[in-house]
Chemist: 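Structure in structure tokens, see below.
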Amino acid sequence: MVLLLLACTGPRVEPPTIAERIGDYRFATPIDAPATLAMLDGTETDTRATTCGGCHDDHHAEWSRTTHASAVHDVQFLAELAKPGQPRWLCLNCHAPTLPQRAELITPSTRLAEAGSVERLSTSPNPSFDASRVAEGVGCATCHVRRDPDGKGTVVGPRGSGRAPHRVRADAEALRGVCEGCHSPGADIVITPTFPCWFTTVEEITVGPLAGADCVDCHMPGASRPAAEGAPAEALRQHTWPGGGLPKHVDQLPAPGDWQPGLDVEVRSAPVEVRLQNARAAHAIPTGDPERHVLVEARALDASGVEVSKDQLRIGQTWDWGDDTTGRPATKLADNRLQAGETRAWTPVLKLDQAARVEVTVTYVRLTEANAAKMAHTRLDAELQALWPDLPVHLAGPLADYPRRRVIFSESVALVR
């Protein structure tokens, strides 16, 4: 009877590997950035961001105030991970992307735990895992530490001065290519029916007046300063990455003079018209997370400042995110983003017979109030709580101080009759 049962069931079919299920994308596996760096005196030092900051203090200070440094300590990110069926391991491959940050030993040949699910992997413990590094998010090693042919860690830099006490490999092109692994994996990657990984920033910068631009050209502006403590000043790049000017914590908001949006806005009053131009971004505005959008509001005010009427224009993508219960897949319904160099004129529909002025406000929105209200009910399980032990299990409190929107333009013009 036992032999007959085995014959009927046949051989066990193993679940697919990561590469077979998702594809050969860089974000599908962690970056092999060694936990230690080879020093020229034969010793080794660790590659934590705080260690790097001991000599590269300016770079570390800039990085520590960025969204990269908050890639794990991000309320919205943890709320997304808390949703049922999320492949947390895959999301962490970009938010805590180096091998020492991952408790699981993940390679392209790692198999899924179940054939029809990407939620869990069939993995073994990672011997190089260092739990203290997870909170770094996207740290120095993400871009600057790689493995030499002898297996030891080396720093990848734009140039080699010969003054560093550790190994340095000069490879500016390799550094320039790091961003796209997470920021632009592609448009057709469907992880689950309701979880498409839709980021196309690199594809967006292949067209328009700034075609061929590189991420660092805009997001890492030049600066003259020492590469390390005690070194002479030279032409280097800032490590600020201000992006849309909306960081993950209120105390990281850049001052108005330290940040400029890529969008130019002009308000005309005869007739009332708002002209929007993607003047400085080489990619679409907005890019990245499909829920980001720009909200343009026009309000007609009477002589005493009372609102007579208003109209709105939403610039961004609109998605139906599907339904796990019914199997309805996520679908992009519309996309009216401003492409690089594009100018668009918008005529708001307003009642102007009693109006004296028109006030126009442009707001960059990362998270709508409706979505924030849903997130406020999120409770973190033990696995997520371990990623940020100081965060309350209930997210309602931290969300109160989470930057969700930023006004990037505001102007009031008198009507010309």
Side-chain angles (χ1 to χ4, degrees), residues 26-27 30-40 43-74 92-102 126 128-148 151-161 163-183 214-216 219-223 225-231 234-243 247-249 252 387:
R26 280 188 287 168
F27 74 96
I31 296 170
D32 185 16
T36 58
L37 180 63
M39 305 298 285
L40 298 184
T43 62
E44 293 189 346
T45 189
D46 72 76
T47 55
R48 293 181 182 88
T50 52
T51 303
C52 300
C55 293
H56 305 279
D57 49 349
D58 288 344
H59 299 71
H60 182 271
E62 289 172 351
W63 163 83
S64 65
R65 294 178 57 82
T66 66
T67 53
H68 282 167
S70 302
V72 171
H73 286 183
D74 174 356
L92 284 165
N93 280 350
C94 280
H95 286 253
T98 66
L99 193 58
Q101 294 175 293
R102 308 309 313 281
N126 177 14
S128 67
F129 174 59
D130 181 351
S132 68
R133 294 176 182 244
V134 178
E136 284 188 4
V138 180
C140 309
T142 302
C143 299
H144 287 287
V145 178
R146 294 297 182 267
R147 196 178 299 277
D148 268 348
K152 294 186 176 181
T154 188
V155 166
V156 179
R159 64 179 72 91
S161 67
R163 294 187 298 267
H166 51 70
R167 290 186 185 183
V168 176
R169 183 197 312 159
D171 193 342
E173 290 307 308
L175 287 172
R176 286 177 173 269
V178 172
C179 312
E180 62 190 72
C182 288
H183 285 280
D214 190 84
C215 306
V216 302
H219 294 277
M220 298 183 70
R225 63 178 176 191
E229 186 177 350
E234 57 184 310
L236 299 173
R237 290 191 177 274
Q238 298 177 35
H239 288 59
T240 50
W241 307 287
K248 298 296 184 178
H249 302 286
Q252 297 175 349
L387 295 175

Chemist: Return yes if some donor-acceptor pair links the side-chain N/O of Asp148 with the main-chain N/O of Gly151 below 3.5 Å, else return no.
Modeler: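 No; zero donor-acceptor contacts below 3.5 Å.
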Chemist: If you take all heavy atoms of Cys143 and Leu175, which pair is closest and at what distance?
Modeler: O-CD2, 3.3 Å
Chemist: Give the intermediate values and the outcome of side-chain contact (heavy atoms from CB on, under 4.5 Å) for residues Thr47 and Thr36.
Modeler: CA-CA 5 Å; Thr47 55; Thr36 58; 5.6 Å; no
Chemist: Could I get the full list of side-chain hydrogen bond (donor to acceptor under 3.5 Å, both in side chains) partners for Asn126, not counting sequence neighbours?
Modeler: Ser128
Chemist: Taking Glu229 first and then Arg163, would you say they form a salt bridge - that is, a charged N and a carboxylate O separated by under 4.0 Å?
Modeler: no
Chemist: Testing the basics here: between Gly222 and Gln238, what is the closest heavy-atom pair and its distance to 0.1 Å?
Modeler: O-NE2, 3.6 Å
Chemist: Cys52 and Cys140: sulfurs closer than 2.5 Å?
Modeler: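 Between Cys140 and Cys52 there is no disulfide, given that their SG atoms are not under 2.5 Å apart.
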Chemist: Report yes or no: do Asn93 and Arg102 form a side-chain donor-acceptor pair below 3.5 Å?
Modeler: yes
Chemist: Test Phe129 against Val134 for side-chain contact (heavy atoms from CB on, under 4.5 Å), laying out the working first.
Modeler: CA-CA 9 Å; Phe129 174 59; Val134 178; 3.8 Å; yes
Chemist: Do you know which two heavy atoms are closest between Ser64 and Gln252, and how far apart they sit?
Modeler: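 Closest approach of Ser64 to Gln252, heavy atoms only: O-NE2, 3.8 Å.
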Chemist: Look at the aromatic rings of Trp241 and His68 and report parallel, tilted or perpendicular, splitting at 30° and 60°.
Modeler: tilted
Chemist: How far does CG of Asp32 sit from CZ of Arg147, to the nearest 0.5 angstrom?
Modeler: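 Atom-to-atom, Asp32:CG and Arg147:CZ are 4.0 Å apart.
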Chemist: Quick test of your reading of the model: are Asp46 and Arg48 salt-bridged, counting only N-O distances below 4.0 Å?
Modeler: yes
Chemist: With sequence neighbours left out, what residues match His95 under side chain to side chain contact (heavy atoms under 4.5 Å, CB included)?
Modeler: Ala71, Val72, Phe77
Chemist: State, with a plain yes or no, whether a side-chain heavy atom of Met39 is found less than 4.5 Å away from one of Glu44.
Modeler: no
Chemist: Write down the atom of Pro34, the atom of Pro100, and the distance for their closest heavy-atom approach.
Modeler: C-CG, 4.2 Å
Chemist: Hey, could you give me each pair passing salt bridge (Lys or Arg N to Asp or Glu O under 4.0 Å) that has a residue in residues 133-146? Not counting sequence neighbours.
Modeler: Asp130-Arg133
Chemist: Would you say Arg167 and Leu40 make side-chain contact, with heavy atoms under 4.5 Å?
Modeler: yes
Chemist: According to the salt bridge (Lys or Arg N to Asp or Glu O under 4.0 Å) rule, which pairs have a member within residues 58-74, sequence neighbours left out?
Modeler: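 Qualifying pairs, neighbours excluded: Glu62-Arg225, Asp74-Lys248.
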Chemist: Can you tell me how the ring of Trp63 sits relative to the ring of His60, calling it parallel under 30°, perpendicular over 60° and tilted otherwise?
Modeler: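 Ring orientation of Trp63 relative to His60: tilted.
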Chemist: About how many Å separate CD1 of Ile31 and CD of Gln101, when rounded to the nearest 0.5 Å?
Modeler: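 Spacing of CD (Gln101) from CD1 (Ile31) equals 9.0 Å.
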Chemist: Report yes if the side chains of Val145 and Thr154 come closer than 4.5 Å at any heavy-atom pair, otherwise no.
Modeler: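 No, side chains not in contact.
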Chemist: Quick one, Leu236 and Glu234 - any side-chain contact, counting heavy atoms below 4.5 Å?
Modeler: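 Result yes, sub-4.5 Å side-chain heavy-atom pair found.
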Chemist: Would the distance check show the side chain of Arg26 and the main-chain N or O of Cys182 forming a donor-acceptor pair, the cut-off being under 3.5 Å?
Modeler: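 Pair absent, no side-chain N/O of Arg26 close to backbone of Cys182.
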Chemist: What's the spacing between His219 NE2 and Cys179 SG if we round to 0.5 Å?
Modeler: 8.5 Å
Chemist: Just verifying a value: how many Å separate His73 NE2 and Thr67 OG1, rounded to the nearest 0.5 Å?
Modeler: 14.5 Å
Chemist: Please confirm whether the backbone N or O of Arg237 pairs with a side-chain atom of His239, one donor and one acceptor, at under 3.5 Å?
Modeler: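 Yes; at least one donor-acceptor contact below 3.5 Å.
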Chemist: Thr50: which residues meet the side-chain hydrogen bond (donor to acceptor under 3.5 Å, both in side chains) condition with it, sequence neighbours left out?
Modeler: none
Chemist: In the structure I gave you, are the side-chain heavy atoms of His249 and Ser70 within less than 4.5 Å of one another anywhere?
Modeler: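 Yes, their side chains come closer than 4.5 Å.
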Chemist: Just to verify, what does Thr142 make a side-chain hydrogen bond (donor to acceptor under 3.5 Å, both in side chains) with, not counting sequence neighbours?
Modeler: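 For Thr142, no residue satisfies side-chain hydrogen bond (donor to acceptor under 3.5 Å, both in side chains) once neighbours in sequence are set aside.
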